[in-house]
Amino acid sequence: MKRALIAVVALLGLVGCVAIPDSGPVAEGEVDTSEQSSVLVFLAQEPQPGATQEEVILGFLAAAISPNDDFSIAREYLAGSAASTWDPDARVIVRSGAQPEVSLTGETTAGAQLTVQSEVSSGGALQLTTGNRTLEFELAQVDGEWRISQAPDGIVLSAFYFDQLFRAHTLHWLTQDGTRTVPELRWFERSATTLPERIIDALLAGPSTWLSPAVSTAGAVEASRVGAPRVDGTTMTVTLDIEQIQQLGSGSLQPLAGQLALSLRDVGVREVRLQVEGLAGFVASSAEAGPFDEGDVDPRPLVLEGSTLHPIGGGAPALDDVGATLAAIGATSYTVGAAGGVAHTGSTAAWVVPDAEPVVISTDVGAVPTVDDSGWVLLQERSATARLLAWRGGERNELPLPPSFDRVAAMELSRDGSRLAIATAGGGVGGGASSLWVMAVVRDADGQPMTLGEPYPLPAIEGAAADITWVSPTQVAVLATDDDRPQITVLAIGGVAEQLPSPGGGVQAIVGGSEGTTTLRALGADGELLSLRGRVWSPAAGLEPLRLIATQQ
């Protein structure tokens with residue numbers, strides 16, 4: 001098939017500057033439908049005779065939409081050693097706004113200015129990084145045609161093409177006690193024939209910097225993959241090079257095999273067998289690894305109706321009901337884990353468990369507090385906004401917040417207890433925006449929260465954030481009010497944001513389960529229980545006005 005024209009170069013009337021439009025009648029690419037595949041194939045244009053320096057740079061950048069044959073079309077724009085040394089896998093810069101604009105800075109040098117939206121590392125980790133950036137190029141003439149003699153590693157894609165060409169996969173780390181999984185989204189090319197290898201290598205390389213203080217991995221720091229994995233049905237055998245492993249026994253690799261099996265699950269792998277190069281018979285299987293807790297919770301909402309706390313749905317098990325206590329203290333929220341729960345009345349946080357009087361933690365609490373399964377409560381006191389307070393059974397510890405943080409408007413721990421989602425008032429883009437972050441919760445050997453890791457930014461949202469909740473192990477939902485209208489946004493940690501339909505009337509709070517938006521619930525202003533059905537928020541029938549909906553950790 002003849003290669004399709006990917007773009008028409010538009011002269012801007014500025015000497016030495018050109019740009020390619022993203023919208024209007026001119027299209028960047030043409031979809032190749034000749035291949036019987038569920039993956040779209042975009043065909044870039046090879047260098048054209050007589051192309052200017054600017055056109056060559058723009059053509060090279062645009063050729064990133066065609067990753068086939070190791071970006072063979074993009075390499076046609078490169079000269080000399082650059083054609084072989086350029087590394088397209090080094091990073092992906094996702095641009096937004098206007099197309100790249102190229103300006104000559106010398107006879108054989110030029111810069112391409114981009115408006116950056118995010119950047120994806122060689123291991124697939126996505127990081128927001130807004131602002132303008134200039135990529136530097138050197139050029140040379142080859143047989144009378146301009147070619148690039150030096151180019152920055154990595155590729156540049158518009159947000160549209162990134163969404164079409166890349167797919168999120170979930171790597172699985174472990175909590176520091178090794179019992180629960182902590183997922184992290186990574187992005188890899190949809191059509192990559194080496195996708196399993198890239199997932200394996202990313203997991204062996206370890207978690208992202210922001211998450212690493214709170215998690216562990218069963219992989220040895222010096223472990224590396226040897227050769228391509230061998231696949232037999234749904235079983236994958238991976239050979240590793242690991243020094244000093246023989247004395248530990250093959251059982252020491254079973255947790256790593258389990259991590260890999262979970263991380264490769266969405267590419268069809270059900271069992272991973274690990275073997276070590278040079279050690280015959282030294283094999284560990286994920287089938288023999290202990291089960292990991294992936295943070296699933298009861299999908300039925302837990303509500304306070306009258307003075308009874310109970311789940312909505314048939315076959316509900318008997319609960320140690322603390323509803324009478326919650327009603328007596330005027331609780332407006334309740335977050336419960338395996339060891340008990342924390343209630344909030346608007347200014348007071350209290351520890352509430354069955355058959356005991358509530359224990360007041362603080363009477364100076366703003367945002368709704370959160371709790372982990374071991375009973376550690378995290379909260380922010382209005383008089384001490386520079387830190388969070390960790391409390392359990394009367395024991396207290398202070399966790400400093402970054403100096404740039406404003407007042408915490410909402411926060412919630414992930415169910416694995418390793419990540420804290422925070423919405424702060426102000427500090428976002430524009431005067432009416434709220435900033436969103438996820439931070440690693442660093443604990444000691446006994447599980448006590450000791451400090452918070454560096455903030456990982458999520459996209460800011462318009463409006464004043466009022467509540468935040470985990471709706472899956474990798475997603476949070478945020479309730480905000482903008483012009484007195486409630487809006488709910490779902491954000492993937494390391495991924496994309498989705499604006500949900502507005503509930504319409506007032507919303508007091510939201511709670512999530514572990515299965516995405518299907519288990520997201522909202523508490524209406526009149527005490528009705530709302531759930532999203534298609535594009536409409538529908539109230540549950542047959543319930544009295546609810547006092548609260550509880551968050552289940």
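Residue numbers run from 1 in the order of the sequence given. Any value given below was found using the heavy atoms of this structure, including those in side chains, with hydrogens, waters and symmetry copies removed.
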Between the main-chain N or O of Ala51 and the side-chain N or O of Trp146, is there a donor-acceptor pair closer than 3.5 Å?
no

Sole candidate of Thr517, Val471, Leu500 that passes side-chain contact (heavy atoms from CB on, under 4.5 Å) when paired with Ile488
Leu500

Answer yes or no: is there a donor N or O on one side and an acceptor on the other, between the side chain of Asp467 and the main chain of Ile510, under 3.5 Å?
yes

Atom pair OG (Ser418) and CH2 (Trp173), whose distance is rounded to the nearest 0.5 Å:
13.0 Å

Check against side-chain contact (heavy atoms from CB on, under 4.5 Å), Arg95 and Tyr161:
CA-CA 10 Å; Arg95 61 172 178 80; Tyr161 278 113; 6.0 Å; no

Give a yes or no on whether the backbone of Ala140 and the side-chain of Thr108 come within a donor-acceptor separation of less than 3.5 Å.
no

Backbone N/O of Pro183 and side chain of Thr181: donor-acceptor pair under 3.5 Å:
no

Got Val441 and Leu413 here, is their nearest side-chain heavy-atom distance under 4.5 Å?
yes

Has Arg270 got a side-chain atom pairing as donor or acceptor with Gly233's backbone, closer than 3.5 angstrom?
no

Does one side chain, of Thr109 or Thr105, offer a donor that lies under 3.5 Å from an acceptor on the other?
yes

Within the distance-only criterion (no hydrogens, no angle test), does the side chain of Gln164 pair as donor or acceptor with the backbone N or O of Phe42 below 3.5 angstrom?
no

Is any NZ, NE, NH1 or NH2 atom of the basic residue among Glu294 and Arg265 found under 4.0 Å from an Asp or Glu carboxylate oxygen of the other?
yes

Between Leu126 and Glu119, is the side-chain contact (heavy atoms from CB on, under 4.5 Å) condition met? List the steps.
CA-CA 6 Å; Leu126 185 147; Glu119 184 170 325; over 6 Å; no

What's the separation between atom CD in Glu462 and atom CD in Gln499, rounded to the nearest 0.5 Å?
10.0 Å

Ser434 (side chain) donor-acceptor with Ile461 (main chain) under 3.5 angstrom
no

Step through the shown structure and confirm whether more than 12 heavy atoms of other residues, nucleotides or ligands are within 6.0 Å of CG on Asp70.
yes

Stepwise side-chain contact (heavy atoms from CB on, under 4.5 Å) check, Leu195 with Val267:
CA-CA 9 Å; Leu195 178 58; Val267 295; 3.7 Å; yes

Compare all side-chain heavy atoms of Thr239 with those of Leu274 and state whether any distance is below 4.5 angstrom.
no

Spacing of Leu401 atom CG and Thr424 atom OG1 [to the nearest 0.5 Å]:
10.0 Å

To the closest 0.5 Å, what do you measure between CD1 (Ile65) and CD (Gln45)?
10.5 Å

Which atom pair, heavy atoms only, marks the closest approach of Ile148 to Ala82?
O-CB, 4.0 Å

Return yes if some donor-acceptor pair links the side-chain N/O of Arg225 with the main-chain N/O of Gly227 below 3.5 Å, else return no.
yes

Is it true that Arg419 and Glu184 have a side-chain N and a carboxylate O under 4.0 angstrom from each other?
no

Taking Gly258's backbone N and O only, do any of them form a donor-acceptor pair with Ser286's side chain (distance below 3.5 Å, no angle check)?
no

Hydrogens and angles aside, do Thr489 and Glu498 bring a side-chain donor and acceptor to less than 3.5 Å of each other?
no

Flag if over 12 foreign heavy atoms under 6.0 Å of CG, Asn132:
yes

Between atom OG1 of Thr469 and atom CD of Glu412, what is the distance when rounded to the nearest 0.5 Å?
4.0 Å

Nearest 0.5 angstrom please: Leu139 CG to Glu145 CD, how far?
12.5 Å

Check step by step if side-chain contact (heavy atoms from CB on, under 4.5 Å) holds for Thr217 and Leu174.
CA-CA 6 Å; Thr217 177; Leu174 302 176; over 6 Å; no

Would you say the ring centers of Trp86 and Phe60 fall short of 6.0 Å from each other?
yes

With sequence neighbours left out, write down each residue that passes salt bridge (Lys or Arg N to Asp or Glu O under 4.0 Å) with Glu515, or none if nothing qualifies.
none

Ion pair check, Asp153 and Arg91, cut-off under 4.0 Å:
no

With sequence neighbours excluded, give me every side chain to side chain donor-acceptor pair (under 3.5 Å) pair touching residues 451-461.
none

What is the minimum heavy-atom distance between Ala214 and Gln176, and which atoms define it?
O-CG, 3.5 Å

With a 6.0 Å cut-off (strictly less than), is the heavy-atom count around CZ of Arg75, excluding the residue itself, greater than 12?
yes

Tell me whether Asp416 is salt-bridged to Arg180, with the criterion being a basic N under 4.0 Å from an acidic carboxylate O.
no

Classify the angle between the aromatic ring planes of His169 and Phe188 as parallel (below 30°), tilted (30 to 60°) or perpendicular (above 60°).
tilted

With a 3.5 Å distance limit and no angle check, can you tell me whether Ser263 reaches the backbone of His172 through a side-chain donor-acceptor pair?
yes

Taking atom types as modelled, find out whether Ser472 and Gln475 have a side-chain donor-acceptor pair closer than 3.5 angstrom.
yes

Parallel, tilted or perpendicular: which describes the rings of Phe162 and Trp187, with under 30° parallel and over 60° perpendicular?
tilted

Shortest non-hydrogen pair, Met236 vs Val231, comes out as CE-CG2, 3.8 Å

